[in-house]
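Please read the structure below before turning to the comments.
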Protein chains: 2
Amino acid sequence: MLGVLGGMGPLATADFLAKLVRATPARRDQDHIPTLVCSAADIPDRASAILGQGPDPLPAMRAALARLEAAGATRIAIPCNTAHHWHAALQAGTALPILHIVDAVADDLAGSGLAGGPVGLLATGGTLRAGLYPERLARHGFTCLSPDPDGQDAVVAAIDLVKAGQVAEAALILEAQARALAAAGCRRVVMACTEIPVALSSLDDNLAGVMVDATEALARACVAACRADAVVLPLVA
Amino acid sequence: MLGVLGGMGPLATADFLAKLVRATPARRDQDHIPTLVCSAADIPDRASAILGQGPDPLPAMRAALARLEAAGATRIAIPCNTAHHWHAALQAGTALPILHIVDAVADDLAGSGLAGGPVGLLATGGTLRAGLYPERLARHGFTCLSPDPDGQDAVVAAIDLVKAGQVAEAALILEAQARALAAAGCRRVVMACTEIPVALSSLDDNLAGVMVDATEALARACVAACRADAVVLPLVA
């Protein structure tokens, strides 16, 4: 049973769950992946913690993970990019495999036929500071480009707008920053914060071909992993 | 912590989670209601069981409820109308209060200023056969009207289309049946299957004023109950 360590934020978790369902080949309820979601909205802000401006979210994330384990989860996904700063710490405390959202994005990029080059990142300041993307994408020949300081401030403000439910206002800001990264030579721009695709859910064709949705990439990785589990488990039983 | 006994179907559960988030007054992640979701897609079909055409879903629903209890849920919601046929049986097996989706709809209707009269039901054959709505709505002076047999067959086919991801095809059918019920004198038509608002997510103004979304009503009832819990708990501690 897939366990989703969510609530970071709650709307992004709902978006992930919908994308997980849509990524599953299914004709009826029973074809879908049994899933447990812990939308632990009370987890302290991840970006603030990385920037040294807020409490450590790790204890609350560990508590949410323990709830998922108690309920019977066998594999974990975390639909929050910034939270992956604590991926290794969380993985060290559990035997359940935890998927990595940046690996899912890297697989997506590698599968798209692009042979390296600059990739744009729309992300929180915490995700950028933690360097979550550059190292893992470098393995596939990609370099990372983020907005200039003013642009990055705008991205952070837009993410907060999504968390406050002001999705249309956020979309205008994020679209402009995505276009700027594309104009700077990025053939792909990763929505590397799970609030961002909530705002940018409808894009014109030009931009749609450029954007990579980390939430969707993680959902697809979950479907692949859980279907592989389903194939393996009967052989073990 | 709110526990959601879901997966009936999975897309309806994702829709419920998004509506729960939107129904919560919040400016940041931490203002939201901590929520556990068990999307137990493997629960046997509820409508088939009521119609004597399939296995009993109660054991699988009880197992999902046990997972939510193990993970620390303190209050339960079930975003599936037909599953409420087993509401009393589930409630008898747990000390956690289980909200009732039809009571949430009745509160909604009563709060809308309507003083009784006929209300249309778009629902599964199981929900109609089980009589989930008529008794509880009668307490508020409402009578229930469902489509004629051909119309009802169309509604059931549309629900299956949603479960198979064919949302646009389902919308056309459901809209026609809703209009027929309105034309037959129903001042409100309840989307009394949680797959239906997934299909009818955008309605023209005429129909939007008529439709009542049971998923949204349940989400609002959850927010009210959980906020009341939050007020009471500190006094107890």
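Numbered from 1 within each chain, the chains take letters A, B, ... in sequence-line order. Values below: every heavy atom of this structure, side chains too, minus hydrogens, waters and symmetry copies.
For the set A:Arg28, A:Met8, A:Gln30, A:Arg27, the entry with the most heavy-atom pairs within less than 4.5 Å of chain B is A:Gln30. Of the residues considered (B:Asp160, B:Thr35, B:Leu17, B:Val162), B:Thr35 shows the highest number of contacts with chain A, using heavy-atom pairs under 4.5 Å. Each of A:Gly72, A:Ala164, A:Ala41 has some count of heavy-atom pairs under 4.5 Å with chain B, and the biggest count is that of A:Ala41. With chain A as partner, the option from B:Gly9, B:Pro10, B:Pro34 having the largest number of non-hydrogen pairs under 4.5 angstrom is B:Pro10. Contacts with chain B were tallied for A:Arg22, A:Gln166, A:Met1, A:Lys19; A:Met1 has the most, counting heavy-atom pairs under 4.5 Å.
The two residues A:Ala71 and B:Ala71 make their nearest non-hydrogen contact at CB-CB, 3.8 Å.
Between B:Arg46 and A:Asp29, at least one side-chain N (NZ, or NE/NH1/NH2) sits under 4.0 Å from a carboxylate O, which counts as a salt bridge.
Only the backbone of B:Ile33 comes within less than 4.5 Å of a heavy atom of chain A; no side-chain atom from C-beta onward does. Residue B:Ile43 touches chain A through its backbone alone, counting heavy-atom pairs closer than 4.5 Å. Only the side chain of B:Val21 has a heavy atom closer than 4.5 Å to any heavy atom of chain A. For B:Pro25, no part sits under 4.5 Å from any heavy atom of chain A, backbone or side chain.
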**OP:** For B:Thr13 and A:His32, run side chain to side chain contact (heavy atoms under 4.5 Å, CB included): C-alpha distance rounded to whole Å, both residues' side-chain angles, the deciding distance at 0.1 Å, then the answer.
**Re:** CA-CA 12 Å; B:Thr13 295; A:His32 286 273; over 6 Å; no
